[in-house]
Q: 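Before I ask anything, let me first share the structure, which is written out below as structure tokens.
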Amino acid sequence: MTDTLDRPFAPAEIETQCYARWEVHGLFQPKGSGTPYCIMLPPPNVTGTLHMGHAFQDTLMDILTRVHRMRGERTLWQPGTDHAGIATQMLVERQLVQEGGDRHQMGRGAFLERVWQWRQESGGHITRQMRRLGASCDWSRERFTLDSGLSHAVTEVFVRLHDEGLIYRGKRLVNWDPVLRTAVSDLEVISEAEQGSLWHIRYPLSDGTGALVVATTRPETLLGDVAVAVHPDDPRYAALVGKTLRLPVMNREIPIIADDYVDPEFGSGCVKITPAHDFNDYQVGQRHSLALLNVFTPDARIRDSIEVFGNDVVAGEIPETLRGLDRYAARKQILALLAAENLLERTDEHQLMVPRGDRSQAVIEPYLTDQWYVRVAPLAEPAIRAVEEGRIRFVPENWSKTYFDWMQRIEDWCISRQLWWGHQIPAWYGPDGKIFVARREEEAQSEAARHYGMPVALERDPDVLDTWFSSALWPFTTLGWPEKTPDLAQFYPTSVLVTGFDIIFFWVARMIMMGLRFMDDVPFREVHVHGLVRDAEGQKMSKSKGNVLDPIDLIDGISLEDLVAKRTRGLMQPQMAARIEKATRKEFADGIPAFGTDALRFTFAALATQGRDIKFDLKRVEGNRNFCNKLWNASRFALMQTQNPADLEGVRELLPPERWIIGRLQHCEAAVNSAIDQYRFADAAHALYQFFWNDYCDWYIELSKPVLREGSPFTPAQQCGTRNTLLRVLEAGLRLMHPVMPFLTEELWQRVAPMIGESGDSIALAPYPVADLARVDADADADTEWLIAVIRAIRSVRGEMDISPGKPLPLLLQAGDTHDRERVERYQSWLFALSRLASLEWLGADEEAPPAALQLVGDLRVLVPLAGVINVAAEQARLAKEQQRLEQDRAKTVAKLGQESFRSRAPAEVVAKEEERLRELDAALLQLGEQARRLALL
RNA sequence: GGGCGGUUAGCUCAGUUGGUAGAGCGUCGGCUUUACACGCCGAAUGUCGGGGGUUCGAGCCCCUCACCGCCCACCA
């Protein structure tokens, strides 16, 4: 005896305890001896919070994980978090600034302590949020990129790559963030078009015979100019190549050189060359053996004196008025100086690409420094081959093209960062600057002692590694590498990586390179690339736009006031607050209701169409919340019908509707399994929704009612079959839906499964349904579909004629074949109940029917007599419309069949189908025509 | 400049070997039918961006144009 479910479906109540129970029972640890299946969680920022992108991605991974776990595979979803070097350090530094402090005052040790403390405070937040989402990670194996184990692995990789000559230290131009005062990689620089100016500056010829006009967007770098370049074939300047110019402001002589790099069409066709402050100029400088003159300090102020690299050059004195000025102040000042000397020819409005750091938003400066690099070419080559040869498959496939494009042009990777939070580089410097790379300081020291012939004091490189360096190792370091652990043997290569396209370069490509290098195998066999979650207008969600939705708010709900407060708090641009508040009040006038986790997850799945960005619409969550409610109530119904256990035992006879719904379930199971295996989550969600709502609820439950009703004419065996089917189909459906909607299905399954003798700790460990298409019964399907068609025909008359649903109707049937007669006989109970009939009578073939509304089900005439209930004019209008529709179809069909080429070239079966259609249309039109005539006589 | 994706019902989107277009939401009409009003029943709605081609037949294949979006790229 089972208690019935409470009336309203309340997600909050069932979700919270459920997860705790799963975790306590260790349900998410790999079990059994099945095929290993493993997904690596892309480690989120340890101090971060869950955003919609995470929630979406986590939902997809959890669906996959749960399906495979239920299939009996040895399944591991490996969780962990990332130290997120720059992001976390910036955050803590901002906290310090608010407290009036500064990391440099604090010193490295104290600062790091402070960051660890922050990690301690906020570290568990995002993983707690993932639990709210139902993510079935094995938390007992949670890792953090700065754990000692992972840190050792990072050092090991660094040392090995260095020993193999794949990591080197070099001085070159890097992308320098002058606000953070660190180098960043190419990928961390975002170039965007901004409005600026193009200044045309006259550089006088040394011999006083005139001047060349140079166009530049960055006049402040003029101080470091070492040449002016023209195109070798440019006739305007051919004679001048080799001559010298007087560099304004600095009054230094610089040569005019010829180089292909110059586009004669652009500006004046003369380019100032500043090798230390521009990537192109650097190249030109290399080709022409020019000196590099650095004029900036690390925070992009003008130096007191020029720093010279390369050739001996008399760089000259920087005018005192410029020293120490910020680059933009210096720009202004230099322009003023030029204007004063009448060397500024003109200033044009000009759109240019401005490089900014993705974290700091500071304008990035090409800057000459010593950094550590990974020589990428030897790693990229096998990584390209792995995808070419199909050992890694991108889904959707087209992303492999993006991958190839990037990998084929990849440049060496700058991996050192001038930060404190991260893996400190295992390199030590001797007194003469000689580098000792080692796993431990003692190792470096003994090596140094050997080298110098005596012990010396070494200084460790203060820099840390790019966060992505440790992320690149994630698939094997989390499994225990460099130890040869059983986990590593079992779960590497992992099965699939689920990720957004935005980190294909940052992460995916680097994992492939590192995995192949250190594990000699790919890190994952498939990469499923999903789209971005955007707001309802298609805008990217961002704090500054104030359009961010918090997944937890969709689960628990939030009041309008709280939402407004949340969105306007802590803005970088506080002046946006008013606008954000207004938009928020308009879009969420009543706040956000609590939809529950399952509704949110179902929505993510339903929106996850192949590779496309998602416009997130609250209406969809609401609709799916309703679906959850439907599931809840349908289960209530099934349980109410089966309260007496005795009713479920004994002989069972399955009626055609039972056999039909069992068949529908098989089709649904096949569709869902196939969709999941192809990462077509939307298809899976759709199949579940349509099966459960349209087939099970709308039809099967309704069809079960006449059987189970009191005073029903059905035998106990038939009723027993119906009751069992109600439960068994529901139970299988719950298992089928569980990966998408884990909480609700667990709650319901715990009540439903025992009724049919199934039980277990959790639905999460119950077997995933597999379709058995042998259970599809074509006869039962045909009968049930016929029954549904007849009921629909009658309901349609009701609807269109505005007959009250409660009013019992007399029904007349005519024509049809023996099959129809048998079916009417067999399905009378259902016909009477589901279409509310008062009576049912057959008319003879030649018998004149009374005035009636006509519907056709194949050749069967379904007549609802007009007397007293029907508006003749309305029925006539309906008939006319129907006739018109059929006429149009008929005309098309006739035209097609009339084409000789169609008959001769189309496959016979297509032609036959077309002929059959024509026959049906003709028959239907005949019927409708006669009916119209009859009504006209009234 | 190169590459990728998109353009289908009022809105958001499906549409997997080419065979007369589907869903959700919204809209309209009717319902206290004892699982569910977070519901039930019924209905309406599309020159599938434009043009051309291949084919008996094109939303789907080919070419071309337009517009939108994204990624990459050293034009000062």
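Every chain is numbered from 1 and lettered A, B, ... according to where its sequence line falls, protein lines coming before strand lines. What you see below is based on every heavy atom in this structure, not just the backbone, and it leaves out hydrogens, waters and symmetry mates.
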Q: Quote, to the nearest angstrom, the P distance that separates B:C71 from B:G15.
A: 24 Å
Q: Taking atom types as they are modelled, would you say the side chain of A:Arg625 forms a donor-acceptor pair with the base of B:C38 within the 3.5 Å cutoff?
A: yes
Q: For the ring-ring contact (aromatic ring centres under 6.0 Å, His included) test, which of A:Phe506, A:Trp507, A:Trp399, A:Tyr403 pairs with A:Phe501?
A: A:Trp399
Q: Is there a donor N/O on one and an acceptor N/O on the other, under 3.5 Å, for the side chain of A:Thr893 and the base of B:U20?
A: yes
Q: Across the strands shown, which category fits A:Lys615 at heavy-atom distances under 4.0 angstrom: base, sugar-phosphate, nothing?
A: sugar-phosphate
Q: What string of B, S and - do you get for nucleotides 28-34 of chain B 5' to 3' if you count protein non-hydrogen atoms under 4.0 Å?
A: -SSS-B-
Q: Heavy atoms under 4.0 Å is the rule here; annotate nucleotides 2-10 of chain B 5' to 3' with B where the base is hit, S where only the sugar-phosphate is, and - elsewhere.
A: -SS-SS---
Q: Using a cut-off of 4.0 Å on non-hydrogen atoms, how would the nucleic acid contact of A:Cys697 be classed: base, sugar-phosphate, or nothing?
A: base
Q: Mind checking the P distance from B:C63 to B:G6? Whole angstroms is fine.
A: 15 Å
Q: Nearest heavy atom decides the nucleotide; on that basis, is A:Arg905 or A:Ala606 closer to the 5' end of RNA chain B?
A: A:Ala606
Q: Distance between the P atoms of B:C13 and B:C74, in whole angstroms?
A: 33 Å
Q: With distance as the sole criterion, do the side chain of A:Arg917 and the base of B:U20 form a donor-acceptor contact below 3.5 Å?
A: yes
